[in-house]
Amino acid sequence: GYALHLGETPTPTKAAEPALDPAMSAREALGVILSDGVAQLLANEAVVEDGTDPEGVHQARVAVRRTRAALSAFKPVIERGPRKPLARKLRWLQQALGPARDWDVFLEETLGPVLKAAPESEGLRGLEKRSAKRRTKGYKQALKAIHSKRYQRLLIALEGWVFTDNPDAERRAVGGFAQDLLEARYRAVLTDGGADPTALPTEALHRLRIEIKKLRYAVEFFRSLYAPDEVAGFLQAVKKLQDCLGGLNDAVVAHRLLQDLAGGAEDPARVLDADAVRAIEAAQAEKIETGLAKLSAMWARFGEQPVFWESAAEAPPVSPAPAGARSG
């Protein structure tokens, strides 16, 4: 009410750290994490509707991704039947918010710096106008989604899930469950990254980025169960890896968006202003080169981080652990 009276612009809300207790069951922990996800999503609705701060739709998508990640993480102890429909609805919402976010990034982080370096370029100005129209269309799609009955039903389903009985999750202590999950996520990252992630093709780097994101969310979900100083260094290394790979992925997305502006043409320079397209692609190529140069050092630093969850009390595994020693 005060914000309306004062004419204040709504501000984006980042994810809260779930406050978990070692005495909790896995079901109780999942309830806290899902509630936090719903709260973050609701808190960013007004920012998406306002449409003036790109961080709003970004944080709304983060809320959806974290919620999807939570359902995936707790998959071993929750029934597949109720989980799958909810996961599909969350995927729909993430896709509905996707174009607005993609065009925000393209305009602010891809086209913006190139245009700043050549502000008189008519070709770049033309791409900016075309991209702004696409962004407007993306925001209309996002608004249509969050104003829909489908979205309201999704929120009700998520809130209801918090109170749903899950006997397997109720029997598992959150501490042992967290330890098993963190170990599995960590092992998946090491396997996908291999000895040298800079040698991986684009598709493999994309898979590695997804696994790193899953690991980051798992650490953030359960960090309150561990000593803060033990988690901090590990989480920082994971975030830097994710940011680095995210920058590489943005370059791939930028080419796809240029193709979209060119009506699906394989070579956008043949349809759009060739000099403008080449300027953007050159900037993205430099971004990829710089990112790959940093990736080796970040990967090595990640492998050197102490694995903080190994100091936790032993707990029965959710599923048999794969054989083989971990290396980093």
Side-chain angles (χ1 to χ4, degrees), residues 54-55 57-58 61-62 65 94 98-119 121 123-124 126-128 130-131 134-135 138 188-216 236-304 328:
E55 191 66 13
V57 74
H58 175 50
R61 290 189 81 228
V62 168
R65 285 203 308 265
Q94 184 172 329
R101 176 58 182 166
D102 286 345
W103 288 110
D104 273 339
V105 172
F106 184 81
L107 279 161
E108 301 293 329
E109 301 177 21
T110 300
L111 181 57
V114 180
L115 188 55
K116 186 177 181 180
S121 170
L124 290 172
L127 287 181
E128 183 183 38
R130 286 171 177 249
S131 301
R134 292 293 201 283
R135 175 164 65 178
V189 169
L190 293 176
T191 299
D192 280 5
D196 180 15
T198 62
L200 296 174
T202 301
E203 296 79 5
L205 282 174
H206 176 69
R207 288 194 298 271
L208 175 61
R209 183 178 66 88
I210 297 301
E211 290 300 333
I212 288 171
K213 189 181 296 185
K214 289 180 180 178
L215 175 60
R216 174 182 174 174
Q236 184 67 13
V238 172
K239 286 181 178 179
K240 287 184 176 181
L241 266 180
Q242 183 184 341
D243 289 344
C244 181
L245 289 169
L248 297 176
N249 186 67
D250 288 345
V252 175
V253 173
H255 182 71
R256 174 174 62 78
L257 296 182
L258 283 172
Q259 289 179 316
D260 180 54
L261 290 175
E266 183 68 27
D267 181 6
R270 295 174 65 90
V271 179
L272 305 172
D273 184 277
D275 290 338
V277 171
R278 292 190 186 106
I280 293 172
E281 291 182 337
Q284 294 307 298
E286 183 179 353
K287 186 175 183 179
I288 290 174
E289 184 178 354
T290 302
L292 288 174
K294 294 179 179 178
L295 182 56
S296 290
M298 291 180 179
W299 183 248
R301 194 172 301 119
F302 168 71
E304 294 167 357

S.K.: Any chance the side chains of H58 and R61 put a donor and an acceptor closer than 3.5 Å?
M.R.: no

S.K.: To the nearest 0.5 Å, what is the distance between CD (Q284) and CG (L248)?
M.R.: 10.0 Å

S.K.: Search all heavy atoms of H255 against all heavy atoms of E266 and return the closest pair with its distance.
M.R.: NE2-O, 4.0 Å

S.K.: What are the two closest heavy atoms between A274 and A269, and how far apart are they?
M.R.: CB-O, 3.7 Å

S.K.: Out of curiosity, R130 CZ to L257 CG, how far, rounded to the nearest 0.5 Å?
M.R.: 13.5 Å

S.K.: Just wondering, more than 12 heavy atoms not from K287 lying within 6.0 Å of its NZ?
M.R.: yes

S.K.: Counting C-beta onward and ignoring hydrogens, is there a side-chain heavy-atom pair between V277 and I280 closer than 4.5 Å?
M.R.: no

S.K.: Under the criterion side-chain contact (heavy atoms from CB on, under 4.5 Å), I'd like the reasoning laid out for V189 against F302: C-alpha separation, chi angles, the key distance, then a yes or no.
M.R.: CA-CA 10 Å; V189 169; F302 168 71; 3.8 Å; yes

S.K.: Apply the test side-chain contact (heavy atoms from CB on, under 4.5 Å) to residues L205 and N249: give CA-CA distance (whole Å), side-chain angles for both, the deciding distance (0.1 Å), then the verdict.
M.R.: CA-CA 8 Å; L205 282 174; N249 186 67; over 6 Å; no

S.K.: Grab the two heavy atoms, one from L111 and one from S131, that are nearest each other, plus how far apart they are.
M.R.: CD2-OG, 4.4 Å

S.K.: Work out which heavy atom in L127 is nearest to a heavy atom in A276; give both atom names and the distance.
M.R.: CD1-CB, 3.7 Å

S.K.: Carefully, step by step, assess H206 and E203 under the rule side-chain contact (heavy atoms from CB on, under 4.5 Å).
M.R.: CA-CA 5 Å; H206 176 69; E203 296 79 5; 5.6 Å; no

S.K.: Once rounded to the nearest 0.5 Å, what's the spacing between atom CG of D267 and atom CG of L272?
M.R.: 9.5 Å

S.K.: Give every donor-acceptor pair under 3.5 Å between a side-chain atom in residues 192-201 and any protein atom, sequence neighbours left out.
M.R.:
residue: D196; atom: OD1; partner: T198; partner atom: N; Å: 3.2
residue: D196; atom: OD1; partner: T198; partner atom: OG1; Å: 2.5
residue: D196; atom: OD2; partner: T198; partner atom: OG1; Å: 3.0

S.K.: Between CG of L208 and OG1 of T191, what distance do you get to the nearest 0.5 Å?
M.R.: 10.5 Å

S.K.: Tell me, do R65 and V62 make a side-chain contact under 4.5 Å, heavy atoms counted?
M.R.: yes

S.K.: Quick check: closest heavy atoms across V57 and A100, and the distance to 0.1 Å?
M.R.: CG2-CB, 4.1 Å

S.K.: First locate atom CG of D250, then atom CG of L245, and finally report the distance between them rounded to the nearest 0.5 Å.
M.R.: 11.0 Å

S.K.: Are V253 and F106 close enough that some pair of their side-chain heavy atoms sits under 4.5 Å apart?
M.R.: no

S.K.: Using a 3.5 Å distance criterion without hydrogens, assess whether the side chain of R134 forms a donor-acceptor pair with backbone atoms of D260.
M.R.: yes

S.K.: So which heavy atom on M298 is nearest to which on C244, and how close?
M.R.: SD-CB, 3.6 Å

S.K.: Between R135 and E108, is a side-chain contact (heavy atoms from CB on, under 4.5 Å) present by the stated rule, with each step listed?
M.R.: CA-CA 11 Å; R135 175 164 65 178; E108 301 293 329; 3.6 Å; yes

S.K.: Within the supplied structure, the quantity of interest is the number of heavy atoms (other residues, nucleotides, ligands) at a distance under 6.0 Å from R278 CZ; does it exceed 12?
M.R.: no

S.K.: Rounded to the nearest 0.5 Å, what separates atom NZ in K116 from atom CG in L124?
M.R.: 14.5 Å

